[in-house]
Amino acid sequence: MGGGDDPRGTRLIMTDDPASHCGDDAVFASDLRDEGEPEVEFNPGVAARFPRKNAAAGVLARDEHGRILFVCPTYKPFLEIPGGLVEDDESPLAACRREVREELGIDVPVGRLLVVDWLPTHGVWRDSLQFIFDGGVLSREQIGAIRLEADEVSRFEFLDIEAARPQLRPSKARRISLAHQAFLDGETVYGEFGRRLG
């Protein structure tokens with residue numbers, strides 16, 4: 001059971017492409033069998049016309065002083081938290097683990113979901129769902145072992161949210177603040193454009 005040496009976690013053939021997920025392989029396979037044959041399109045071609053959303057997943061990781069880990073991408077002028085886009089047939093949790101490992105060069109224990117936030121279309125970027133998971137407190141040893149993926153990340157630093165705010169898009173600052181408060185409150189929060197709803 002489990003994903004063996006595959007750094008992306010457990011994998012199972014669902015259709016013609018492998019699916020990356022973080023659940024138990026045997027349970028996942030059983031659930032897939034129980035689901036039965038895929039539904040046939042009532043109107044041929046309708047599935048291709050359905051909207052598609054992007055999704056991204058990242059971690060709220062902190063140091064021993066409670067400061068948040070931020071990375072500086074090489075391809076944009078704003079800070080980010082470690083993470084990235086969810087690939088096709090990949091769960092948000094699996095994507096989070098993969099992206100954080102790729103960017104930082106270490107395995108961060110990804111904990112519970114803190115925030116799901118909807119981001120509207122902005123310029124050429126389509127609307128998306130943003131997932132933030134608890135990345136825990138990194139030890140000095142873990143921080144010392146960080147090896148950045150130089151093509152994507154130029155540096156990292158630990159900052160309080162207020163210190164980071166000038167280097168964040170407003171919606172990102174709101175989303176990270178939501179995640180930090182959700183961590184403190186022991187909640188999982190739904191937001192839209194960084195504003196808590198419900």
Interatomic spacing from CD1 in I143 to CZ in F156 - rounded to 0.5 Å: 7.0 Å
Cluster link V110 to L129, ILVMFWY, side chain under 4.5 Å: yes
Trace of the side-chain contact (heavy atoms from CB on, under 4.5 Å) decision for F70 with I176: CA-CA 11 Å; F70 290 94; I176 294 171; 3.6 Å; yes
Backbone N/O of A55 and side chain of S128: donor-acceptor pair under 3.5 Å: no
Donor-acceptor contact present, side-chain D117 to main-chain G194, <3.5 Å: yes
Shortest non-hydrogen contact from P44 toward R49: O-NH1, 4.2 Å
Evaluation steps, salt bridge (charged side-chain N to carboxylate O under 4.0 Å, His left out), between D134 and R62: CA-CA 9 Å; D134 182 7; R62 299 160 310 280; 3.1 Å; yes
Backbone of L113 reached by a side-chain donor or acceptor of T188 within 3.5 Å: yes
Residues that R174 engages under side chain to side chain contact (heavy atoms under 4.5 Å, CB included), provided they are two or more places apart: P170, S171, F193, R195
NZ/NE/NH1/NH2 to OD/OE distance under 4.0 Å, R196 and E187: yes
Carboxylate-amine/guanidinium contact E99 R101, below 4.0 Å: no
Heavy-atom donor-acceptor pair, N43 side chain to V46 backbone, under 3.5 Å: no
4.5 Å side-chain heavy-atom contact, I68 and L60: yes
Single-linkage hydrophobic cluster, 4.5 Å side-chain cutoff, V71 and I146 together: yes
Under 3.5 Å: donor-acceptor pair, side chain of S30, backbone of A26: no
hydrophobic_cluster_shared for L69 and L159, side chain cutoff 4.5 Å: no
Closest contact, heavy atoms only, G111 versus F133: O-CD2, 3.6 Å
Derivation of the side-chain contact (heavy atoms from CB on, under 4.5 Å) call for V59 and C96: CA-CA 7 Å; V59 292; C96 186; 3.4 Å; yes
Contact list for residues 75-86, test salt bridge (charged side-chain N to carboxylate O under 4.0 Å, His left out), sequence neighbours left out: K76-E80, E80-K172
Beyond-backbone contact of R175 with R169, side-chain heavy atoms, under 4.5 angstrom: no
side-chain contact (heavy atoms from CB on, under 4.5 Å) between L104 and R147, worked out: CA-CA 5 Å; L104 302 180; R147 299 294 178 264; over 6 Å; no
N/O donor-acceptor pair under 3.5 Å between E102 side chain and E149 backbone: no
For E152 against Y75, the heavy-atom pair lying closest together: O-CE2, 3.8 Å
Sidechain-backbone polar pair: S154 side chain, T74 backbone, donor-acceptor under 3.5 Å: no
Salt bridge flag under 4.0 Å for residues D160 and R67: no
Cluster overlap V100 with L138, hydrophobic side-chain contacts below 4.5 Å: yes
hydrophobic_cluster_shared for V116 and I81, side chain cutoff 4.5 Å: no
Heavy-atom pair with the smallest gap, counting every atom of R165 and S177: NH2-OG, 3.5 Å
Value rounded to 0.5 Å, distance of CD in E157 from CG in L79: 6.0 Å
Chi angles and distances behind the side-chain contact (heavy atoms from CB on, under 4.5 Å) call for I161, H180: CA-CA 9 Å; I161 187 66; H180 187 252; 5.9 Å; no
E90 side, atom CD; L85 side, atom CG - distance, nearest 0.5 Å: 10.0 Å
Distance, nearest 0.5 Å, that separates CD1 of I132 from CD of Q130: 7.5 Å
Lys/Arg-Asp/Glu bridge criterion (N-O < 4.0 Å) met for R52, D88: yes
